[in-house]
Number of protein chains: 2
Amino acid sequence: MDQPARKRGRPRLLDRDVGLDIAARLFWERGYEGTSTADLTKAMGINPPTLYSMFGSKEELYRQALDFSVSRENGRRSEILQSSLPVYEALRLYLYDIADGDTQPDKPPGCMVSTAVLQHAEENASVARMTAGLREASIQTLKARFDRAVEEDELPSATDTDTLARFYGAIIQGMSAQACDGACNALLKRMIDLALAAWPGKIIT
Amino acid sequence: MDQPARKRGRPRLLDRDVGLDIAARLFWERGYEGTSTADLTKAMGINPPTLYSMFGSKEELYRQALDFSVSRENGRRSEILQSSLPVYEALRLYLYDIADGDTQPDKPPGCMVSTAVLQHAEENASVARMTAGLREASIQTLKARFDRAVEEDELPSATDTDTLARFYGAIIQGMSAQACDGACNALLKRMIDLALAAWPGKIIT
DNA sequence: AACATTTAATAGGGATCGCTATTTTAATGG
DNA sequence: CCATTAAAATAGCGATCCCTATTAAATGTT
């Protein structure tokens with residue numbers, strides 16, 4: 001009874017999510033401008049008209065592939081950050097999870113969002129705005145968690161949570177860049193430990 | 001007598017350094033893959049064959065434009081870092097100078113090297129290797145200064161200078177990314193101040 | 001079997017990509 | 001004035017870019 005309700009007409013050869021996964025991987029590795037529609041159709045095993053009927057356009061496919069990938073990570077990372085752990089420990093695990101994502105053995109290095117479309121041709125400005133928006137949203141998530149920590153007396157009330165969030169955002173972006181340049185997981189985590197030494201109230205030795 | 005020794009033949013319409021400056025600005029704003037040879041020739045006011053006779057190829061032009069730009073900054077930044085100031089203060093001024101470079105009013109945002117060609121088509125792998133090499137060199141410069149600080153008892157002898165250098169490298173890359181996303185100079189400097197709080201031996205309040 | 005519906009495959013269009021063979025122009029040297 | 005030198009301008013090459021009009025194939029329905 002769980003039948004996928006076979007519709008009429010010729011059946012699809014490519015599952016939509018499989019296609020998005022393949023596209024995400026290509027965009028992740030080569031960037032938006034470095035990935036051609038020919039690359040995409042070849043990797044998916046389809047012809048150009050199928051790509052356009054399934055996803056609309058290259059830009060729409062990129063957007064959907066980003067949504068698809070981001071939403072897969074968001075659940076776990078949100079759980080880590082919003083857990084009952086002390087904010088400092090939650091932040092550490094959150095950053096470790098991102099470091100793990102930057103250095104997965106069978107996936108492209110770095111983060112698909114953190115360092116994407118920073119430079120771009122004018123015609124791709126709207127794509128750049130999209131990735132910038134995702135980065136800003138991620139920073140706002142951090143800031144909201146820090147604001148809550150202030151309210152719950154885990155952080156001094158004078159804490160500049162905006163700058164604090166953007167600082168750890170910079171670490172996230174720097175980790176992605178260095179992962180692209182070949183940095184290993186252990187190095188990224190050593191960097192995180194250093195960055196956590198800047199946490200308000202810490203005494204470094 | 002300081003005559004530029006007018007050679008025979010038709011004189012050049014475009015000065016080489018002026019051309020490199022224009023090219024650097026375009027590559028800086030749009031990235032390597034986002035800048036076309038047509039963009040470059042149009043901005044320089046020349047025809048394609050002139051570009052190729054002057055600079056060899058698009059990739060060679062990118063390399064020369066990078067060298068041209070980097071060498072302009074390197075003198076001042078090296079002076080700051082190698083000055084007689086305490087290493088901690090030298091590092092602060094060094095990072096501030098980079099923040100200023102990321103947010104020059106009449107130039108593209110971010111750094112031309114820090115966040116360049118992180119993702120790329122396969123055919124541009126050699127270009128990516130080049131920018132990655134420049135980033136690594138910059139990190140090694142930091143590490144060398146920190147090693148000197150260890151020798152001169154400005155830092156504990158157990159200091160992991162490699163990780164320390166890569167941590168501040170990550171800050172530099174994160175600042176460039178956020179400048180590309182619109183961050184202002186003051187924000188970048190607040191982030192630097194936070195990053196300096198991670199300096200070994202600091203007591204944060 | 002014939003039809004309706006939905007997708008896949010073929011083939012290619014118009015624009016732009018990086019680049020170059022050839023010709024023209026502008027200077028100096030004799 | 002002519003020859004020589006060197007750079008600029010014209011014109012366009014083959015490849016690839018993103019995308020689509022059209023045709024063929026595979027299913028459920030009648």
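Here is the naming used below: chain letters follow the sequence lines, and residue numbers restart at 1 for every chain.
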Looking at every strand, decide which applies to Pro11(A) at a 4.0 Å heavy-atom threshold: base, sugar-phosphate, or nothing. sugar-phosphate
With a 4.0 Å cut-off on heavy atoms, is Leu51(B) in touch with a base, just the backbone sugar-phosphate, or nothing at all? nothing
Counting heavy atoms not belonging to Glu79(A), are there more than 12 under 6.0 Å from its CD? no
Return the nearest nucleotide to the side chain of Ala38(A); candidates are dA7(D), dA11(C), dC17(D). dC17(D)
Please classify the nucleic acid contact of Ser36(A) as base, sugar-phosphate, or nothing, using heavy-atom distances under 4.0 Å. sugar-phosphate
Rounded off to whole Å, could you give me the CE-to-C1' distance for the Met54(A) and dA8(C) pair? 12 Å
Taking only Lys NZ, Arg NE, NH1 and NH2, and the carboxylate oxygens of Asp or Glu, determine whether Arg25(B) and Asp21(B) approach each other closer than 4.0 Å. no
Between Gln64(A) and Arg16(A): side-chain donor-acceptor atoms closer than 3.5 Å: yes
Between dC18(D), dC19(C), dA9(D), spot the one nearest the side chain of Thr37(A), thanks. dC18(D)
Which nucleotide wins on minimum distance to the side chain of Arg8(B), given the candidates dA26(C), dT20(C), dT4(D)? dT4(D)
Ignoring hydrogens and geometry, is there a side-chain-to-backbone donor-acceptor pair from Asp160(B) to Thr163(B) under 3.5 Å? yes
Which is more 5' along DNA chain C, the nucleotide nearest Arg10(B) or the one nearest Thr50(A)? Just name the residue. Thr50(A)
Ser53(B) side chain N/O closer than 4.0 Å to the phosphate oxygens (OP1, OP2) of dA7(D)? no
Atom pair distance, as rounded to whole Å: OH in Tyr32(A) and P in dC17(D): 13 Å
Given atom CD of Glu33(B) and atom P of dC18(D), what is their separation to the nearest angstrom? 11 Å
What integer distance in Å separates Phe55(A):CZ from dT7(C):C1'? 14 Å
Other residues, nucleotides, ligands: >12 heavy atoms within 6.0 Å of Glu152(B) CD: yes
Which of these nucleotides, dC19(D), dA9(D), dA8(C), is closest to any side-chain atom of Lys58(A)? dC19(D)
Given that Asp39(A) and Gly56(A) both sit by DNA chain D, which one's nearest nucleotide is further toward the 5' end? Asp39(A)
Can you tell me if the side-chain N/O atoms of Tyr52(A) get under 4.0 Å from OP1 or OP2 in dC19(D)? yes
Quickly work out the Lys7(B) NZ to dA8(D) P distance and round it to whole Å. 11 Å
From CD of Glu60(A) over to P of dC18(D), roughly how many Å is that when rounded to an integer? 16 Å
Atom CG of Leu14(A) and atom C1' of dT6(C): how far apart are they, to the nearest Å? 16 Å
Closest to the 5' end of DNA chain D, once Leu13(B) and Asn47(A) are matched to their nearest nucleotides, is Leu13(B)
Over how many whole Å does the gap from Tyr62(B) atom OH to dG18(C) atom P extend? 14 Å
At 4.0 Å (heavy atoms only), tell me whether Thr35(B) reaches a base, stays on the sugar-phosphate, or touches nothing. sugar-phosphate
